[in-house]
Every structure is written in C-alpha cells, then in structure tokens.
Amino acid sequence: QVQLVESGGGSVQAGGSLRLSCVASDYMYTMGWFRQTPGKEREGVAALSGRNLISYDDSVKGRFTISRDTAQNSVTLQMNSLKPEDTATYYCAATETTLVWRLRERGYKYWGQGTQITVSS
C-alpha cells in the first residue's frame with residue numbers, strides 16, 4: 001500500500017508564503033494537491049503528471065507553484081501571496097498513471113491525511 005506523508009501546514013498572515021511537501025513511499029507518475037473547507041467539496045489546486053504536464057486551478061495561478069523531486073518521490077507546493085480564502089485542509093494525492101483531468105479527484109488512488117493551512121487577514 002502506497003503511503004503519502006504530508007508536511008508544511010500552518011498559519012500565516014495574508015500575503016505570506018508557505019510550502020507543502022508530500023513524500024510517497026513509491027514512485028507516482030501523477031501527484032497533486034487538493035483542498036477542502038467544511039461544507040464544501042474537495043477541489044483540485046495543482047497537479048502534475050511526469051515532469052511537465054502541470055495543471056493549476058484558476059484561483060491559484062501565478063501564486064502557487066507545484067514541483068517534484070523524482071529521486072525523493074516527492075512533490076512540493078510553494079504557496080505565495082496567500083489569501084484568507086486559501087484557508088483549508090490540503091491533501092496530497094497520487095496515482096501511478098497519467099491523468100488528463102488532473103484536478104479532479106477521480107483517478108487518484110492514494111491520498112494523504114491532510115494538513116491544515118490557515119491564512120488570517
């Protein structure tokens with residue numbers, strides 16, 4: 001069973017930055033980040049297949065950057081210019097294959113436990 005271990009959650013003021021990391025116990029071709037707030041569906045934030053097939057939700061374009069370290073089986077989400085509406089529980093997701101719709105939950109086989117991000121105004 002593949003395990004995903006997330007780190008880097010926390011609290012920050014609006015305009016600040018945080019970095020999330022996710023390490024997989026095995027190589028995953030597609031890795032991504034989703035987020036969820038109470039009462040809402042989980043939404044895709046950023047994801048990549050391989051090295052260069054990258055997707056971002058419109059709400060984070062220009063502020064968040066996803067990257068991977070293949071040797072470490074890890075993916076990182078650098079979050080800059082954070083806004084209060086970015087407050088959510090963030091989940092790492094992964095699967096062994098490429099995904100066309102990388103920002104949709106469907107297709108991801110493995111999920112992390114979630115880490116809380118709180119952005120205060």
Side-chain angles (χ1 to χ4, degrees):
Q1 179 72 13
V2 173
Q3 292 186 329
L4 303 178
V5 179
E6 302 144 333
S7 61
S11 298
V12 67
Q13 289 192 327
S17 299
L18 285 173
R19 175 178 289 192
L20 296 178
S21 293
C22 174
V23 179
S25 56
D26 202 354
Y27 176 74
M28 295 285 111
Y29 192 78
T30 298
M31 299 187 76
W33 290 95
F34 289 72
R35 66 187 179 187
Q36 188 172 27
T37 55
K40 293 189 176 181
E41 292 186 355
R42 193 154 50 184
E43 62 177 7
V45 174
L48 51 72
S49 291
R51 283 194 173 273
N52 299 316
L53 298 177
I54 298 175
S55 301
Y56 292 101
D57 183 77
D58 286 346
S59 65
V60 306
K61 282 181 180 177
R63 301 189 298 121
F64 291 11
T65 302
I66 189 170
S67 60
R68 74 185 305 160
D69 183 334
T70 302
Q72 300 287 336
N73 293 335
S74 67
V75 65
T76 297
L77 185 68
Q78 177 66 42
M79 304 182 290
N80 298 329
S81 302
L82 282 160
K83 304 175 181 180
E85 50 264 44
D86 294 318
T87 295
T89 301
Y90 283 71
Y91 296 89
C92 178
T95 191
E96 296 94 334
T97 61
T98 189
L99 291 177
V100 174
W101 305 107
R102 283 180 286 275
L103 297 183
R104 295 184 182 177
E105 291 188 57
R106 188 176 182 178
Y108 285 91
K109 291 175 62 176
Y110 310 106
W111 292 85
Q113 294 294 319
T115 185
Q116 179 67 34
I117 298 292
T118 302
V119 184
S120 58
S121 57

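Residue numbers count from 1 along this sequence. These numbers come from the heavy atoms of this one structure, side chains and all, not from hydrogens, waters or symmetry mates.
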Distance from Trp111 atom CH2 to Arg42 atom CZ, nearest 0.5 Å?
4.0 Å
Looking only at non-hydrogen atoms, find the nearest pair between Ala94 and Tyr108 and report the distance.
N-CD2, 3.4 Å
Show me the pairs that pass side-chain hydrogen bond (donor to acceptor under 3.5 Å, both in side chains) and involve residues 79-89, at least two apart or across chains.
Ser17-Asn80, Arg35-Asp86, Arg63-Asp86, Gln78-Asn80, Thr89-Gln116
Hey, does the side chain of Thr30 reach the backbone of Thr97 with a donor-acceptor pair shorter than 3.5 angstrom?
yes
Connected-component partners of Tyr29 among ILVMFWY, side-chain separation under 4.5 Å:
Tyr27
Non-neighbouring partners of Lys40 that pass salt bridge (Lys or Arg N to Asp or Glu O under 4.0 Å), sequence neighbours left out:
none
Applying salt bridge (Lys or Arg N to Asp or Glu O under 4.0 Å) as the test, list every pair that has at least one member in residues 95-104; sequence neighbours left out.
Glu96-Lys109
Asp58: what forms a side-chain hydrogen bond (donor to acceptor under 3.5 Å, both in side chains) with it, not counting sequence neighbours?
Lys61
Identify, with sequence neighbours excluded, every residue that meets ring-ring contact (aromatic ring centres under 6.0 Å, His included) alongside Tyr91.
none
If you take all heavy atoms of Ser74 and Val23, which pair is closest and at what distance?
CB-CG2, 4.0 Å
For Ile54, which fellow cluster members are found when Ile, Leu, Val, Met, Phe, Trp and Tyr are connected by side-chain heavy-atom distances below 4.5 angstrom, either directly or through intermediates?
Val2, Leu4, Val12, Leu18, Leu20, Met28, Met31, Trp33, Val45, Leu48, Tyr56, Val60, Phe64, Ile66, Val75, Leu77, Met79, Leu82, Tyr90, Tyr110, Ile117, Val119
For Val5, what are the other residues in its hydrophobic cluster, where any two members join if their side-chain heavy atoms are less than 4.5 angstrom apart?
none
Ser25 (side chain) donor-acceptor with Gln3 (main chain) under 3.5 angstrom:
yes
Nearest 0.5 angstrom please: Glu105 CD to Phe34 CZ, how far?
6.0 Å
side-chain contact (heavy atoms from CB on, under 4.5 Å) against Gln13, all qualifying residues, sequence neighbours excluded:
Ser120
By the disulfide (SG to SG under 2.5 Å) test, which pairs, at least two apart or in different chains, include something from residues 31-77?
none
So which pairs with a foot in residues 62-121 pass disulfide (SG to SG under 2.5 Å), sequence neighbours left out?
Cys22-Cys92
Results of salt bridge (Lys or Arg N to Asp or Glu O under 4.0 Å) for Arg68 - residues two or more places apart only
none
